[in-house]
Amino acid sequence: MPSPSSPYSLTPGRAIISRKNTIAWCVAAIVLLATLLVWQYQNEREHDAADREFTLLTNDIALAIRKRMIHHEQILLGGAGLMDASGRVSRNEWRIMVERLRLAENYPGILGVGYAQVVPPLTLDAFENAVRAEGFADFAVHPPGPRPFYTAILYLEPFKGRNLAAFGYDMFSEPVRREAMQAAAESGETRVTGPVRLLQETHGEVQAGILMYTPIYHRGASLETSEQRQRALRGFVYSPYRMGDLLDGILGSRTPGVRYRITDTAAGLEFPQLYSDLTPDSGKALYQRSLDLHFYGRDWRLDFASTPSFERSSVASPWILLLGLAAALLLFALASLLVLRREQAERIAHQMTRKLRASNEALRLSEERKRLALQGSSDGWWDVDMQSWQFMASDRAWEMIGYPPQEEAHSLHRWQSVLVPQARHELLSTLREVMQSEQDTFSVETRLTHQGGQSIPVLLRGIIQRDEQSKALRVSGTMLDLTEAKRVEQLKSQFVSTVSHELRTPLTSISGALAIVNSGTLGEVPEAMARMLEIAESNSQRLNLLINDLLDMEKLAAGKMKFDMRPCALTELIDEALNANQAFATSRDITLKREGDCHCWVRVDSMRLHQILNNYLSNAIKFSPAGSVVTVTTQRLGEQVQINVIDQGEGIPLAFQSQIFNKFAQADGSDRRQQAGTGLGLAITRELAQQMNGDVGFSSLPEHGATFWVRLPIEAEDGEAATRDASDAPGAVLVLDDDPMIADFIALIVRKSGYEPTTANSVLEARGYLKEHTYAALLTDLRLQDGHGLTLIRDLRADQTTAALPILVVSAYCEEGQRLLHNGTAEDSAIAWLDKPVDEKKLVGILEELLQRARTAATR
């Protein structure tokens, strides 16, 4: 044994702080520094995202207040129209009108809708006596006192609770109310008062109040000047509001993480504040903003401040620091372990040098070195004697499946017993093929049953020792636990799916906005901006394709993609694919040509087969030189038909051919490659073909082009399925989306295809259109501002007039919608689904197929 002073006797503690361990300390320092930089970068990103979210939230609040006040004006204008049309409206008629509005349900926060009549002093007694004759014995205009004229509240519905205190009140007697009423009478427009104390504040917490007035004039009177309107004034239709209740009804739960204050900025107000939920600490908030609102003669200032909970969400997660620290410690430990192992190796080598003359001791040292090497590996090893069928495995191999080490040899059948039954036949078949071939090595994945009952994925790699006649004598190899690798792969798929879904809705708005601007719908685009906008639209479409490819791969991997398998004429499908790619081919000076006809039908999902052919054709066009020809041919192969897409490009490099159908595979993987792409198209193509009972492949020689093919089983020789009737003309369609930009974008797409779209931005608006008009189809989102698309769909199906209306759901939540709508019931053939972001070709194709199904069902 070496002495304590020997250079080979370094202890673990001394090795950690020794100069030889400098690399481990450097690695730990670099990882910690990188962690701090990543955390700082993430913190800045979270702060920027929170600032943008705060701006969007405050803009939404201001917009919601403005929209609701416009809706309230429409209520008053409706009441004014009733008074103008009828001349004389009874109290019962006024009550019926207000009840039909269902204020509490549709407009929470409004106290009621009333009518205040102008009463000259000479007719005051007659007015009071007439009201008393209606059954209100104690009625009197108040406050008492002589005035040039009175504006007594005659009707106020609902006529109960707090509203009873306002009955008969002369609102013109109070200065703030009088200012708004005078402005409304002179201008003929709706006006809102400054902050007042309402007569309805009879109990509970007192809130600031406002009133909205719409003037009514005598019929036939001249209203050209303010003096004429003042003389012709008949009264006012008005509504009182308690600001706290009004804002709660408008905003509800829309203000998470935001506090705000509303102030009337007019000069001379005694109490300008209309509402506030700011706290004393709001002045120190990280995010603050002010907005001005001007409507109905008033100027309001909205002051916003973020809450502590909102601000906490803008701070990067401390888990980044913790994970970085853990990674630094782990790498430091591994590096230090390598130092110790090196010291151990040096010590063993020193011992072997001293005892080299003793062969038995040399053998012992050799075995010791072998044991240490095996202990340092995470793989298990195994060995099978093909003559005696004896099996041996290392301690690590047994440890992977939860069994204690077993040094002695066992029969191979004992090891086969731990194979998962579903994987046993596949593994044995693979090994049998390897043994019968000339291969000397193999690698195969399988699953073993852990002693605890769970299934463990493992990778078996082996080498075969053969005799002169190639008979297998011994098989040895290693076993690697793939549990962690599979978990990481699943996390990656979930991450890709989540990010893709979150990108869909904003990307649809961006793509829609750019498409509308570039189409010239909003006016001619300045020449200096046109090229930049075209580049932005092109790149948004590329991002759209990437997201669609990622989601397609995720759905295919999870088995969630649905296929609508129908008999289709093959020639018609090929012609449609050629027409769809003709514009792209023309832009690249490529000629598309079809040769040979195979008059047969195939059972496929037409949209998915289009996706395969479009992928083949777009790749062939991209990689073909200008002036060349891309040819599509078909050929019979027994009970199958093969579609070939042939180009005249440079062909596929031999080194790349083995991985061409793999995910993210690209012959030129650099960021400077000439042809853009995600590397997912051919991987998706293979999965789609296999799901439709087909297969894909290719043949290529460098500098001689490439041929990509897809094989499909033949369904029939003659067309037995119904084809589309070209004489059916598209009709009017209703487009429902609470984002006006997306609604206009979808409307632009369907209008280009010959339809007549009508857009709606709320469920209430859509119901009105559906009640008044007949549409060929409805295109709707699911999550809407004033309701859910599924509720509207169920209501339409419950109504006999719209029970068969074709409905195309265009949403980022289609999978959730299908599950909630059907919930175990049979699917509705008159409903189709399209994920956002919107792809123009897919939308038009699915809409036409949906309408065709509806026409076919109507003729039965």
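Both backbone and side-chain heavy atoms feed into the values below; hydrogens, waters and symmetry mates do not. Sequence positions, counted from 1, serve as the residue numbers for this chain.
In this structure, P215 and A185 approach most closely via the heavy-atom pair CB-CA, 4.2 Å. Closest approach of R229 and S187 over heavy atoms only: NE-C, 3.7 Å. Across all their heavy atoms, I210 and G194 have their closest contact at CG2-O, 4.0 Å. A pairwise comparison of heavy atoms in A80 and T214 identifies CB-CG2, 4.2 Å as the closest pair. When all heavy atoms of P195 and L269 are compared, the closest pair comes out as CD-CD1, 3.8 Å. Shortest non-hydrogen contact noted between V735 and A743 is CG1-O, 3.9 Å.
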Determine whether W833 and Q818 satisfy the following criterion, side-chain contact (heavy atoms from CB on, under 4.5 Å), listing intermediate values before the conclusion.
CA-CA 8 Å; W833 305 81; Q818 289 176 284; 3.2 Å; yes
Test side-chain contact (heavy atoms from CB on, under 4.5 Å) applied to L779 and D737, step by step
CA-CA 8 Å; L779 291 80; D737 198 299; over 6 Å; no
Pair D299-D292, side-chain contact (heavy atoms from CB on, under 4.5 Å): steps then yes or no
CA-CA 7 Å; D299 291 310; D292 292 325; over 6 Å; no
Between E201 and R242, is a salt bridge (charged side-chain N to carboxylate O under 4.0 Å, His left out) present by the stated rule, with each step listed?
CA-CA 9 Å; E201 295 293 352; R242 300 176 78 221; 2.9 Å; yes
Under the side-chain contact (heavy atoms from CB on, under 4.5 Å) rule, what do I262 and I65 come out as? Steps first, then yes or no, please.
CA-CA 11 Å; I262 301 179; I65 293 175; 4.0 Å; yes
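Using a distance-only test at 3.5 Å, with no hydrogens or angles considered, a donor-acceptor pair links the side chain of D738 to the main chain of Q785. The backbone N or O of Q182 lies less than 3.5 Å from no partner atom in the side chain of R191, so there is not a single donor-acceptor pair. In this structure a side-chain-to-backbone donor-acceptor pair under 3.5 Å is missing from T193 to A180.
The CD atom of Q200 sits 11.0 Å away from atom CG of D245, with the distance rounded to the nearest 0.5 Å. Here the OG1 atom belonging to T35 is positioned 13.0 Å from the CD atom belonging to Q42, to the nearest 0.5 angstrom. Residue E765 holds its CD atom at 7.0 Å from OG1 of T759, rounded to the nearest 0.5 Å. Here the straight-line distance linking atom OG of S90 with atom CD1 of I96 works out to 7.0 Å at 0.5 Å rounding. Put simply, CG on L792 and CG on L782 are 10.5 Å apart, with the number rounded to the nearest 0.5 Å. Rounded to the nearest 0.5 Å, atoms CZ (R797) and CG (D795) are 11.5 Å apart.
Aromatic pair Y287/H47: ring centres closer than 6.0 Å. For Y775 and Y769, the ring centers sit 6.0 Å or farther from each other. Aromatic rings of F136 and F167 (six-membered ring for Trp) have centroids within the 6.0 Å cut-off, being under it.
F139 and F127 have perpendicular rings, their planes meeting at more than 60° on a 0 to 90° scale where under 30° would count as parallel. Between Y260 and F304, the ring-plane angle classifies as tilted under the 30° and 60° cut-offs.
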Output side-chain donor-acceptor pairs under 3.5 Å for residues 98-116, partner residues at least two apart or in another chain, one line each.
unit_1, atom_1, unit_2, atom_2, d
E99, OE1, R95, NH1, 3.2
E99, OE2, R95, NH1, 3.0
N106, ND2, L101, O, 3.2

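Applying the side chain to side chain contact (heavy atoms under 4.5 Å, CB included) test to E73 and every residue at least two apart in sequence or in another chain returns L77, T190, M212, Y296. By the side chain to side chain contact (heavy atoms under 4.5 Å, CB included) test, L278 pairs with R259, R261, S276, S282, A305, sequence neighbours left out.
Within 6.0 Å of CG on L36 lie more than 12 heavy atoms contributed by other residues, nucleotides or ligands. Open room surrounds CZ on R45; 12 or fewer heavy atoms of other groups in view lie less than 6.0 Å from it. No more than 12 heavy-atom neighbours from other residues, nucleotides or ligands sit within 6.0 angstrom of CG on D138. For OH of Y41, the number of neighbouring non-hydrogen atoms (other residues, nucleotides, ligands) closer than 6.0 Å is 12 at most.
Both cation-pi conditions hold for R783 and Y813: the charged atom is under 6.0 angstrom from the six-membered ring centre and inside a 45 degree cone around its axis.
Two residues are said to be in side-chain contact when any heavy atoms from C-beta on lie closer than 4.5 Å; V131 and L154 meet this criterion.
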